[in-house]
There are 2 protein chains.
Amino acid sequence: MVKLQKSIEKRNALIKATIELVNNSGFHATPMSKIAKMANVSPATIYLYFDNKQDLVNKTYLDVKAAYTKHAFATYHEEMSVEEGFEIIWKRIADFKLKEGENAMFLAQCDNTPMIDEHSKQEGIKHLQPLLDLWERGKKEGIIKPISDYLLYAYAINPLSFLVVNQKRGVFQLDEKNVLEAYEAAWNSIKK
Amino acid sequence: MVKLQKSIEKRNALIKATIELVNNSGFHATPMSKIAKMANVSPATIYLYFDNKQDLVNKTYLDVKAAYTKHAFATYHEEMSVEEGFEIIWKRIADFKLKEGENAMFLAQCDNTPMIDEHSKQEGIKHLQPLLDLWERGKKEGIIKPISDYLLYAYAINPLSFLVVNQKRGVFQLDEKNVLEAYEAAWNSIKK
DNA sequence: TAAAAAAGAATGAACGTTCATTTTTATATA
DNA sequence: TATATAAAAATGAACGTTCATTCTTTTTTA
């Protein structure tokens, strides 16, 4: 009788390879064989860690989304004022997108294609609850415009994805000055 | 001796089928055979109109992008004030995204994946020049923040894509009230 | 030493594209 | 106006390749 323990490093290598290859070629244009090669693993081994290709990309998506929101809320706590909370979260998100461009680009692709199962997408959305709660509080206190969460998200957070994707493509350079200007634009668009 | 004239209706049917199928399944998951079937055409016929699958999707992208910008600038002319010009263009873009959700969703997928050739993407960007010119003027007149065009685009225009994509997925409903609120958010984020 | 993990080769299905052939179209001729 | 004809347009079947997944065997681990 032996304890079941598949190596977590191998799983991580597979996730990492998936992100890089899907970023460069898209989901259906990256063969399992290539993912296996990049992770230094046999194609058959992938199936010890994931049910199939779809399961691999779903789990990759949820992993990255979890890392993203963990980073976003790391220094936030509910005792903060709405302004301070928003600034902290926004800047942590910007920080994630800047430092982990590959991950951010992968999320953008997932969110704009039919690549990920609807169920996994719904799971991913749940991670953002603390931000929605903060907005709820901001609306109650009359600090944030009383409009839909989707509108708030569209103008406050989502533009960062656009910037990161275009930065990765070499069209645009995000730097500290840009980030401050972007923060100001974000706050101006949602504050009352 | 006979004049060469391939039917434009058939080409349009192929483009339309490509948009719908790629929206639902993604580029690599839509076989040429399916596109052909939806356009009521033999698979081989596609190759009379396009070089190959990649060419088909590139041309589809440029067609949709051209329709998008034509719609956006239809009622704009350079004699307008910056405020008026921006409002007109912004609302025309919103109108396009609302009325032609399929097209808007297709553009969002193209802009966030490696699906389209880099060269075709560059071609697509050129269509937006009138908007960039307007911003240039707005910056000179001190009406618009003196920041990068990408930042302006990210906060003024791009959020609409997010809204349309999420609307199509049934998560969110865009209506006239929302659109007005979104316009206000857009203008607040870029005005000086 | 026995179960778990991993490997590489094999399998069968799906797909983009091409090929050989048929159908349509527009004009030239009677 | 009716017929002939040659090029263009369209077709369905076929080809060769690629890929996800599975199978059998080997290696690792405790």
Side-chain angles (χ1 to χ4, degrees), chain A residues 1-61 106 109-110 113-117 120, chain B residues 1-61 106 109-110 113-117 120:
Chain A
M1 207 77 0
V2 177
K3 187 174 46 173
L4 183 143
Q5 59 163 41
K6 286 179 282 188
S7 123
I8 188 72
E9 287 92 20
K10 225 158 258 185
R11 201 193 111 109
N12 288 342
L14 285 168
I15 298 260
K16 190 154 176 277
T18 302
I19 294 166
E20 182 169 339
L21 291 169
V22 168
N23 273 348
N24 287 330
S25 314
F27 173 49
H28 287 286
T30 50
M32 295 294 262
S33 57
K34 228 173 187 174
I35 296 174
K37 192 163 283 175
M38 181 170 274
N40 281 317
V41 137
S42 157
T45 303
I46 301 183
Y47 292 84
L48 300 174
Y49 292 84
F50 304 95
D51 296 341
N52 49 45
K53 198 182 179 187
Q54 185 63 52
D55 182 52
L56 165 61
V57 77
N58 284 340
K59 297 240 168 83
T60 302
Y61 173 72
F106 181 77
Q109 186 166 175
C110 292
T113 65
M115 187 172 118
I116 303 293
D117 277 355
S120 298
Chain B
M1 207 77 1
V2 176
K3 190 175 40 174
L4 183 144
Q5 58 164 43
K6 285 181 282 189
S7 122
I8 189 72
E9 286 91 22
K10 224 156 258 185
R11 201 195 111 109
N12 288 343
L14 285 167
I15 298 260
K16 189 154 177 277
T18 301
I19 294 167
E20 182 170 339
L21 291 169
V22 168
N23 272 349
N24 287 330
S25 314
F27 174 49
H28 287 287
T30 50
M32 294 296 261
S33 57
K34 229 175 188 174
I35 296 174
K37 193 164 283 175
M38 180 170 277
N40 280 314
V41 136
S42 156
T45 302
I46 302 183
Y47 293 85
L48 300 175
Y49 292 84
F50 304 95
D51 295 341
N52 48 45
K53 196 183 181 187
Q54 185 63 54
D55 183 51
L56 166 61
V57 76
N58 284 340
K59 297 241 167 85
T60 302
Y61 173 72
F106 181 77
Q109 185 166 176
C110 292
T113 65
M115 188 172 116
I116 303 294
D117 277 356
S120 299

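First the proteins, then the strands, lettered A, B, ... as listed; each starts at 1. Since we're looking at a predicted model, the values are computed, not measured.
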Report task. Supply the atom-to-atom distance B:Lys59 NZ to B:Thr18 OG1, rounded to the nearest 0.5 angstrom. Result -> 12.0 Å
Report task. Could you state the atom-to-atom distance from CG of A:Asp55 to P of D:dA20 in whole Å? Result -> 15 Å
Report task. Drop me the distance from A:Tyr61's OH to A:Ser120's OG, to the nearest 0.5 angstrom. Result -> 8.5 Å
Query raised in the report: Can you tell which of C:dA7, D:dT11, C:dT17 lies closest to the side chain of B:Lys53?
Result: C:dT17
**Report entry** Nearest-Å distance for atom pair CG/P, residues A:Leu48 and D:dT28
**Finding:** 16 Å
Query raised in the report: Nearest-Å distance, CD (A:Gln54) to C1' (D:dC19)?
Result: 16 Å
Requested in this report: Give B:Tyr49 one of three labels, base, sugar-phosphate or nothing, depending on what nucleic acid heavy atoms sit under 4.0 Å from its own.
Outcome: sugar-phosphate
Query - Closest nucleotide among C:dT17, D:dT21, C:dA5 to the A:Pro43 side chain - result: D:dT21
Query raised in the report: Between B:Ser25 and B:Val22, is there a donor-acceptor pair closer than 3.5 Å when you use the side chain of the first and the backbone of the second?
Result: no
**Report entry** N or O in side chain of A:Thr45 less than 4.0 angstrom from C:dA5 OP1/OP2
**Finding:** no
Query raised in the report: Checking side chain to side chain donor-acceptor pair (under 3.5 Å) for the pair A:Glu20/A:Asn24: CA distance, chi angles, key distance, verdict?
Result: CA-CA 6 Å; A:Glu20 182 169 339; A:Asn24 287 330; 4.6 Å; no
Query raised in the report: Rounded to whole angstrom units, what separation is found between the CZ atom of B:Phe50 and the P atom of D:dA10?
Result: 12 Å
**Report entry** Nearest listed nucleotide, side chain of A:Pro31, among D:dC19, D:dC23, D:dT21
**Finding:** D:dC19
Query raised in the report: Has A:Ser42 got a side-chain N or O lying under 4.0 Å from the OP1 or OP2 atom of C:dA6?
Result: no
**Report entry** B:Asn40 CG to D:dA10 C1', straight-line distance once rounded to whole Å
**Finding:** 13 Å
Query raised in the report: Counting side-chain heavy atoms from C-beta on, which of D:dA20, D:dT11, C:dA6 comes nearest to A:Tyr47?
Result: D:dA20
Query - Gap between atoms CD1 and P, on B:Ile46 and C:dG16 respectively (whole Å) - result: 9 Å
Report summary line: Distance col, row A:Met115:CE vs B:Phe27:CZ, nearest 0.5 angstrom, shows 15.5 Å
Query raised in the report: A:His28 NE2 to D:dT21 P: how many Å, rounded?
Result: 11 Å
Query - Protein-nucleotide distance (B:Lys37, atom NZ; D:dT11, atom P), rounded to Å - result: 13 Å
Query raised in the report: Does a nitrogen or oxygen in the side chain of B:Lys10 sit under 4.0 Å from OP1 or OP2 of D:dA9?
Result: no
Report task. Return the nearest nucleotide to the side chain of A:Met32; candidates are D:dC23, C:dA6, D:dT21. Result -> D:dT21
